[in-house]
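As the structure is a computational prediction, the values presented were derived from the model and not from experiment.
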Amino acid sequence: MNGKVVTADNGVISAGISGNCFTRNMKNLSDKSLHFFVGLTVLLGLWWLAIYLVTLDPAKSTFAEFSPLSAFGALPDLWGDGTIPDALESTGYRLGTGLFLAILIGVPIGILMGQVRWFQRLTNVPFQFMRMISPLSWEPIAVVVFAGWNEAIVFLIAIAAVWPIAFATASGLAKVDPAWFKVARNLGAKPWHMVSRIILPAIMFDVITGIRLALGVAWIVVIPAEFLGVTSGFGYAIQDARESLEYANLMAMILMIGVVGFVLDTLCVMLIKRFSWHRG
């Protein structure tokens with residue numbers, strides 16, 4: 001069974017291993033697509049049903065603007081007038097900058113926690129304490145410390161995202177066989193070689209998993225952080241739509257927040273599969 005096309009004794013041509021793998025992959029893709037669309041349809045159906053039941057009361061007829069049809073209908077106008085592209089650019093910049101800082105800080109801290117025992121014992125309790133503080137509770141302090149709201153929001157994202165990355169990195173490093181480091185030292189490896197040739201390749205799966213968790217937290221933080229002080233981003237667009245009583249636009253922006261968040265999470269999942277040691 002070498003994966004090539006083979007001929008059976010009765011003259012019927014079969015596809016062998018490669019054909020079976022292709023069939024299995026196509027079936028998996030079909031199943032995933034079916035589940036995706038069915039789940040999405042159920043979600044939209046529940047959304048529509050909730051609005052329908054609420055608007056049965058004539059006094060609540062204005063809630064009709066919260067329906068899926070109104071939200072989808074508002075999307076082309078919001079894209080055409082630049083609201084969605086501007087929000088993508090502004091929120092994306094803040095999110096990307098905050099995550100970059102969190103990775104820059106969290107990965108080295110995680111390596112120290114996983115590699116240096118006394119550092120892990122010394123910092124575990126303080127870091128766990130800091131991790132449990134709501135990132136948005138830092139907002140009043142951030143506004144005072146930083147000159148502008150953009151810097152304050154980036155700080156809030158960074159402080160929210162740094163802990164999942166740091167602890168995931170430390171957890172990944174704890175699973176690395178210590179014999180690897182002994183062999184590397186015996187072969188004359190420098191500290192930088194230990195980091196670049198052993199530590200980072202070994203923990204990349206865990207680091208990206210931590211980044212995925214951090215991204216989810218950061219995406220939740222950035223939207224309410226944009227409710228005040230800035231005039232751009234998804235949070236500002238939602239606030240502006242609410243104050244203007246444009247509820248269809250409000251729901252359309254919420255829909256876009258879900259779509260963008262889902263796409264970002266899917267990209268992280270693809271990277272995790274790419275660096276997984278268990279992939280086929």
Apply the test side-chain contact (heavy atoms from CB on, under 4.5 Å) to residues Leu95 and Leu264: give CA-CA distance (whole Å), side-chain angles for both, the deciding distance (0.1 Å), then the verdict. CA-CA 11 Å; Leu95 182 73; Leu264 292 175; 3.8 Å; yes
Taking Leu49 as the starting point, is it possible to reach Val38 by hopping between hydrophobic residues whose side chains are less than 4.5 Å apart? no
Any chance you could lay out the side-chain contact (heavy atoms from CB on, under 4.5 Å) test for Gln239 and Ser244, step after step, and finish with the verdict? CA-CA 9 Å; Gln239 185 78 354; Ser244 303; over 6 Å; no
Phe100 atom CZ, neighbour heavy-atom count above 12 within 6.0 Å: no
Heavy-atom closest contact (Ala214 atom, Ala161 atom, distance): CB-O, 3.3 Å
Stepwise, does the side-chain contact (heavy atoms from CB on, under 4.5 Å) test hold for Leu271 with Phe205? CA-CA 8 Å; Leu271 287 174; Phe205 171 84; over 6 Å; no
Over all atoms of both residues, closest heavy-atom pair of Asn249 and Ala74: OD1-CB, 3.4 Å
With sequence neighbours left out, the residues meeting salt bridge (charged side-chain N to carboxylate O under 4.0 Å, His left out) with Lys60 are none
Tell me whether Glu151 contacts the main-chain N or O of Phe146 through its side chain, where contact means a donor paired with an acceptor under 3.5 Å. no
Indicate if Val154 and Val221 have the same hydrophobic cluster label, given that clusters are the connected sets of ILVMFWY residues with side-chain heavy-atom separations under 4.5 angstrom. no
Is it true that, when you exclude Trp47 itself, more than 12 heavy atoms of the residues, nucleotides or ligands shown sit nearer than 6.0 Å to its CH2? yes
How far apart are the closest heavy atoms of Ile51 and Phe63, and which atoms are they? CG2-O, 3.4 Å
Any side-chain heavy atom of Ile238 within less than 4.5 Å of one from Arg242? no
Shortest non-hydrogen contact from Met253 toward Ile84: SD-CG1, 4.0 Å
Are Leu213 and Leu267 linked, directly or through other ILVMFWY residues, by side chains that come within less than 4.5 angstrom of each other? no
Least distance between heavy atoms, Glu226 atom then Gly235 atom: OE1-N, 2.9 Å
Can you confirm if the NZ or CZ of Arg131 lies within 45° of the ring axis of Phe167 and under 6.0 Å from the centre of its six-membered ring? yes
Going hydrophobic residue to hydrophobic residue with side-chain gaps under 4.5 angstrom, can you get from Leu255 over to Met251? yes
Are Leu104 and Ile111 linked, directly or through other ILVMFWY residues, by side chains that come within less than 4.5 angstrom of each other? no
Evaluate the side-chain proximity of Phe155 to Glu139: yes if any heavy-atom separation is below 4.5 Å, no if none is. no
Around atom CG of Leu136, are there more than 12 heavy atoms from other residues, nucleotides or ligands closer than 6.0 Å? yes
Over all atoms of both residues, closest heavy-atom pair of Leu44 and Pro68: O-CG, 4.1 Å
Do the rings of Tyr247 and Phe66 sit parallel, tilted or perpendicular, given the 30° and 60° boundaries? parallel
With a 3.5 Å distance limit and no angle check, can you tell me whether Thr91 reaches the backbone of Phe234 through a side-chain donor-acceptor pair? yes
Residues Ile203, Lys175; criterion side-chain contact (heavy atoms from CB on, under 4.5 Å); working and verdict: CA-CA 9 Å; Ile203 66 174; Lys175 295 182 290 187; over 6 Å; no
What orientation do Trp163 and Phe127 show, parallel under 30°, tilted 30 to 60°, or perpendicular over 60°? tilted
Near Glu89 CD, under 6.0 Å, is it more than 12 heavy atoms from other residues, nucleotides or ligands? no
